[in-house]
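Each remark here refers to the structure printed beneath this line.
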Protein chains: 2
Amino acid sequence: MSLNKKINSNLPENKCSVSYTQRLIAGRWKLVIMWHLSQETRRFNELQKLLPGVSKGILTRQLREMEDDGLVHREVYKEVPPKVEYSLTKEGQEFLPILTSMGNWGAKHREKLEQKKNNK
Amino acid sequence: MSLNKKINSNLPENKCSVSYTQRLIAGRWKLVIMWHLSQETRRFNELQKLLPGVSKGILTRQLREMEDDGLVHREVYKEVPPKVEYSLTKEGQEFLPILTSMGNWGAKHREKLEQKKNNK
DNA sequence: CCGGATCCAATATGATACTG
DNA sequence: CAGTATCATATTGGATCCGG
């Protein structure tokens, strides 16, 4: 099948690109952040409320890393009190189909996989 | 666009499934292992050679986790010396398109993203 | 050959207090 | 409001030694 041929044809390059992509999204909250930014721009406080259990420090750090990695744009409004809005860059947006695929795959296999697990 | 509608329509379920999927593939070597199993069954020693830098202990652990998670099948041949072959389960195989997408996304954006990084 | 068990180092995450 | 700084904790990866 042509999919397999395609996978096969550029195996080593793709392997590295896969690892690269994996590193970019490795953080505990990054994919969920991307998810919440997929529909609309969000302020820092909004994100914190949407992500129960994350602390300010770690949320800040993951957002900074995503910004440094070019996935997220950070817009600072010089007001008092401060207002900062986060959104996805073009690159970030182009990752969304993969996010959707991961969600679909997980939804499809979760039940079956957890059954296997419990039968051990 | 229908893609956005689809993303929007089942946001919370998908979010959880995304996190679930993320946990399954979170290990340092798991995606690369899947990659090397995508074309053919591999023996333990083969995998170790294909993954420079991984130690036996950690390779064993990641393979066990993937087996427990239903991604990888482990076939033990009762011979002396022992022979163990690893392959992808059906669920693992169905993840391959996502792996390919991640590779393609990384290959497409890597250069651009790293330029952004260096301009900081 | 294929691991299990153990211990240690590195990294990631979380809680808390403080600040422009 | 949106952070920074610091310390504590949890998770992960790696090295080493031992066993069927």
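Everything quoted here is computed from the prediction, not taken from an experiment. Proteins get letters first, then strands, A, B, ... in listed order; numbering begins at 1 in each.
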Measure from [atom1] on [X] to [atom2] on [N] and round the result to the nearest Å.
{"X": "Gln62(B)", "N": "dG14(D)", "atom1": "CD", "atom2": "C1'", "value": "11 Å"}
{"X": "Leu59(B)", "N": "dG13(D)", "atom1": "CG", "atom2": "P", "value": "12 Å"}
{"X": "Glu67(B)", "N": "dC2(C)", "atom1": "CD", "atom2": "P", "value": "15 Å"}
{"X": "Ile58(B)", "N": "dC8(C)", "atom1": "CD1", "atom2": "C1'", "value": "13 Å"}
{"X": "Arg64(A)", "N": "dG3(D)", "atom1": "CZ", "atom2": "P", "value": "5 Å"}
{"X": "Arg28(B)", "N": "dA15(D)", "atom1": "CZ", "atom2": "P", "value": "12 Å"}
{"X": "Gln48(A)", "N": "dC1(D)", "atom1": "CD", "atom2": "C1'", "value": "10 Å"}
{"X": "Ile33(B)", "N": "dG13(D)", "atom1": "CD1", "atom2": "C1'", "value": "13 Å"}

Touch class at under 4.0 angstrom, heavy-atom based, for [X] against every strand present:
{"X": "Lys83(A)", "value": "sugar-phosphate"}
{"X": "Glu79(A)", "value": "nothing"}
{"X": "Ser55(A)", "value": "base"}
{"X": "Tyr77(B)", "value": "nothing"}
{"X": "Arg43(B)", "value": "sugar-phosphate"}

Please tell me if [X] has a side-chain N or O lying less than 4.0 Å from either OP1 or OP2 of [N].
{"X": "Arg61(B)", "N": "dA5(C)", "answer": "no"}
{"X": "Tyr86(B)", "N": "dG3(C)", "answer": "yes"}
{"X": "Arg74(A)", "N": "dG3(D)", "answer": "yes"}

Point to revise | Heavy-atom pair with the smallest gap, counting every atom of Ile98(B) and Ile98(A) | key: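 Smallest interatomic distance, heavy atoms only, reads CG2-CG2, 4.1 Å.
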
Should the pair [X]-[Y] be classified as a salt bridge under the 4.0 Å nitrogen-to-oxygen rule?
{"X": "Lys108(A)", "Y": "Glu94(B)", "value": "yes"}
{"X": "Glu75(A)", "Y": "Lys83(A)", "value": "no"}
{"X": "Arg42(B)", "Y": "Glu85(B)", "value": "no"}

Among [options], the nucleotide that comes nearest once only the side chain of [X] is considered:
{"X": "Lys56(B)", "options": "dG3(C), dC1(D), dG3(D)", "answer": "dG3(C)"}
{"X": "Thr60(B)", "options": "dC2(C), dG14(D), dG3(C)", "answer": "dG3(C)"}
{"X": "Phe44(B)", "options": "dG3(D), dG3(C), dG14(C)", "answer": "dG3(C)"}

Exercise for review: Let me know, please, whether Glu85(A) or Gly57(A) comes out on the 5' side of the other along DNA chain D by nearest nucleotide.
Suggested key: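 Residue closer to the 5' terminus by nearest nucleotide: Glu85(A).
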
Check your understanding: Passes salt bridge (charged side-chain N to carboxylate O under 4.0 Å, His left out), Lys30(A) versus Glu65(A)? Steps please.
Key -> CA-CA 9 Å; Lys30(A) 288 184 183 176; Glu65(A) 287 176 15; 2.7 Å; yes

